[in-house]
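The structure under discussion appears below in the form of structure tokens.
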Amino acid sequence: MEEIEKELNVIFAEHKQKYINVFDKSEGLVAKQNNAMNFTHIFESLTDQLISKSNEFLENNNYSKTEIENLIKAKIKEFNPLLISPF
């Protein structure tokens, strides 16, 4: 299980950095709107890659589907608060 956790953490870190790179630190509604649009795009990519990587592990290893689903859910919950500030 450690192996998949490491892989999912790498994917998470890559997407967090992508969001940090495009995060608009300025104040105002336009900045918030831009951040929300950027976040949505990156969040969708994160979700797709987490699921894809998980499917690879399910096909090639004897991992529990429930355990892997819980790991994905945890990563998604961890990413959601970054919308406000990724720092």
Side-chain angles (χ1 to χ4, degrees):
M1 193 56 112
E2 234 177 83
E3 185 181 358
I4 188 168
E5 287 182 63
K6 286 180 184 177
E7 299 249 358
L8 296 180
N9 284 335
V10 168
I11 293 169
F12 180 89
E14 289 172 355
H15 283 78
K16 181 178 178 180
Q17 188 58 50
K18 284 181 188 177
Y19 185 56
I20 288 171
N21 292 342
V22 297
F23 187 78
D24 185 347
K25 296 178 192 174
S26 64
E27 306 238 344
L29 293 177
V30 173
K32 288 180 181 181
Q33 182 181 18
N34 290 337
N35 288 335
M37 288 188 312
N38 290 331
F39 181 86
T40 300
H41 173 73
I42 293 169
F43 182 75
E44 288 172 354
S45 174
L46 169 70
T47 305
D48 289 345
Q49 287 189 18
L50 290 174
I51 291 170
S52 178
K53 183 57 71 178
S54 298
N55 286 337
E56 287 177 30
F57 274 88
L58 284 173
E59 290 173 5
N60 300 322
N61 298 296
N62 294 325
Y63 291 112
S64 160
K65 182 178 179 182
T66 303
E67 288 175 325
I68 292 176
E69 285 175 349
N70 288 338
L71 288 173
I72 291 173
K73 288 176 187 176
K75 288 295 161 204
I76 289 172
K77 284 182 182 178
E78 189 179 341
F79 200 80
N80 278 331
L82 299 179
L83 172 61
I84 306 303
S85 175
F87 305 102

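The residues of the chain are indexed from 1 along the displayed sequence.
Note that the CG atom of Leu58 and the CD1 atom of Ile51 stand 11.5 Å from one another [nearest 0.5 Å]. Here the CD1 atom belonging to Ile42 is positioned 12.0 Å from the CE atom belonging to Met37, to the nearest 0.5 angstrom. Atom CZ of Phe79 is separated from atom CG of Leu50 by 9.5 Å, given to the nearest 0.5 angstrom. One distance of note links CD1 of Ile76 with CG of Leu71; it measures 11.0 Å at 0.5 Å rounding.
For the side chain to side chain donor-acceptor pair (under 3.5 Å) test, no residue two or more places apart in sequence or in another chain qualifies with Asn55. With sequence neighbours excluded, no residue satisfies side-chain contact (heavy atoms from CB on, under 4.5 Å) with Ala74. Residues that satisfy the ring-ring contact (aromatic ring centres under 6.0 Å, His included) test with Phe23, not counting sequence neighbours, are Tyr19, Phe87. Scored by the side-chain contact (heavy atoms from CB on, under 4.5 Å) test, Lys77 finds no partners at all (sequence neighbours excluded). Contacts of Thr66 classified as side-chain contact (heavy atoms from CB on, under 4.5 Å), with partners at least two apart in sequence or in another chain: Ser64, Asn70. Glu78 pairs by the side-chain contact (heavy atoms from CB on, under 4.5 Å) definition with Phe12, Lys75, not counting sequence neighbours.
If you chain together hydrophobic residues whose side chains sit under 4.5 Å apart, Leu8 and Val10 never meet in one group.
Here the shortest heavy-atom pairing between Ala31 and Ser26 reads CB-O, 3.2 Å.
Here the side chains of Leu83 and Phe43 are not in contact, with every heavy-atom distance at 4.5 Å or above.
Here side-chain hydrogen bond (donor to acceptor under 3.5 Å, both in side chains) pairs that include residues 27-50, with residues two or more places apart or in two chains, are His15-Ser45. Residue pairs meeting the salt bridge (Lys or Arg N to Asp or Glu O under 4.0 Å) criterion with at least one member in residues 7-22, sequence neighbours excluded: Glu7-Lys53.
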Gln17 and Asn21: side-chain hydrogen bond (donor to acceptor under 3.5 Å, both in side chains), yes or no, with the steps? CA-CA 6 Å; Gln17 188 58 50; Asn21 292 342; 2.9 Å; yes

